[in-house]
Amino acid sequence: MKITNIRIGEISVPLKTPFKTALRTVNSVEDIIVEIHTDTGNVGYGEAPPTGVITGDTKGAIIGALKDHIIKSIIGMDIENFEEIMLKLDKSLVKNTSAKAAIDIALYDLYGQLYNAPLYKMLGGYKKEIITDVTISVNDPEEMAKDSLDAIRRGFDTLKIKVGKDASMDLERMKAIRNAIGYDVKLRIDANQGWKPKEAVKILRKMEDTGLDIEFVEQPVEAHDIEGLKYVTDNISIPVLADESVFSAKDALTILQNRAADYINIKLMKTGGLHNALKICSIAEVYGVECMIGCMLEAKVSVNAAVHLAAAKSIITKIDLDGPVLCSEDPVEGGAIFDEFKITLNDAPGLGIKKVNGIRYLD
Ligand SMILES: C[C@H](N)C(=O)N[C@H](CCC(=O)O)C(=O)O
Ligand SMILES: [Mg+2]
């Protein structure tokens, strides 16, 4: 199964409501899609969202990385030589993890098709169904309480609450939500780097003292501030999950060796795809540290790949794969079925994607 052509396109999918974090506000998913075509007539699909404030990858940078570096380095190669293709992909240029992830995902899709097996079974096949949380955007406390109640009515039993914007309001936000929803639903919070270390400890201790029952706090401080992350982890009881601080397997090792966080959030757009995400799973297994699998604002192609990984690996115990349910439309035919909180895999080969509708080709 030789790679004969790699096509690049873009899709645009409006969100149901604006997505707001401490880092950005977004109204639609604007992602790059890749199709890897082979001499056997198979097509592998991949996707990359431009999340400049987190990965540094803009739309132009993703297209440039694909056209000027990555495609040239793997065209003509045989999917049977999978390890060799992955080495070429890694070495094609530094950083640019989103462009690499799009290609890595499409290659794994073809790898599954080559051996006629669904990807989650090839990676471990731990389960076939997973349950995701849903994100509540950062707004004023009343609106967040209302959005949380709506999410519970839709069946979600775990909410990921965005905080870290106008820090003085964060305690009020969480009190308003807890008062509205009661204690049967899990609340995890994500500050998206919005606090300083001492400020984070102050706010989180108040949340502890108020009995808000927070499952964990995600990325309280700036991504590069590992010392600050450790300071927060050492000084509160709520567990800390590292997100923007961990891109590579080496980053994960540094966090775990220093006990700078309690959990790791794996995202394919940070790792450069599944092959590096698998390395983080192995490191976490060695340390006995559970992982979350997350996504950026992504449609169903790349989130599908994350679903396969989540279903394959027992070390992934927390799921934040709500990208597709935040979208108002689904451009993807085939693949996993997203029914609000419940995500069910099927046993079609690879990712099981039949078609992506509405692609505007850029080649
Ligand atoms: C969409 C997902 N639930 C999420 O919250 N991801 C964010 C980053 C998303 C983005 O800005 O595109 C995160 O975990 O920080
Ligand atoms: Mg996060």
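Atoms within each ligand, like the ligands themselves, are counted from 1 in listed order.
Under a 4.0 Å N-O distance rule, the pair K267/D243 qualifies as a salt bridge. Ion pair D166/R173 flagged as a salt bridge, since at least one NZ, NE, NH1 or NH2 atom sits closer than 4.0 Å to an Asp/Glu carboxylate oxygen. Ionic pairing of E227 and K230 is not present here: no N-O contact between side-chain nitrogen and carboxylate oxygen is shorter than 4.0 angstrom.
Listed by chain and residue number, the protein contacts of ligand 1 are F19, R24, T51, I54, T135, K160, K162, D190, N192, E218, D243, K267, C295, M296, L297, D320, D322 (heavy atom within 4.0 angstrom).
Under the side chain to side chain donor-acceptor pair (under 3.5 Å) criterion, D209 pairs with no residue, sequence neighbours left out. Here D90 pairs with H275 under the side chain to side chain donor-acceptor pair (under 3.5 Å) rule; sequence neighbours left out.
Relative to the ring axis of F341, R154 does not place its NZ or CZ within 45° and under 6.0 Å from the centre. Judged by a 6.0 Å distance limit and a 45° cone about the ring axis, K128 is not positioned over the six-membered ring of Y120.
The backbone N or O of G182 sits nowhere less than 3.5 Å from a side-chain atom of D184 that would complete a donor-acceptor pair.
Taking a cut-off of 2.8 Å, the protein N, O or S atoms nearer than that to the Mg ion (ligand 2) are D190 OD2, E218 OE2, D243 OD2.
The only member of E35, E10, R7 that meets side chain to side chain contact (heavy atoms under 4.5 Å, CB included) when paired with I359 is E35.
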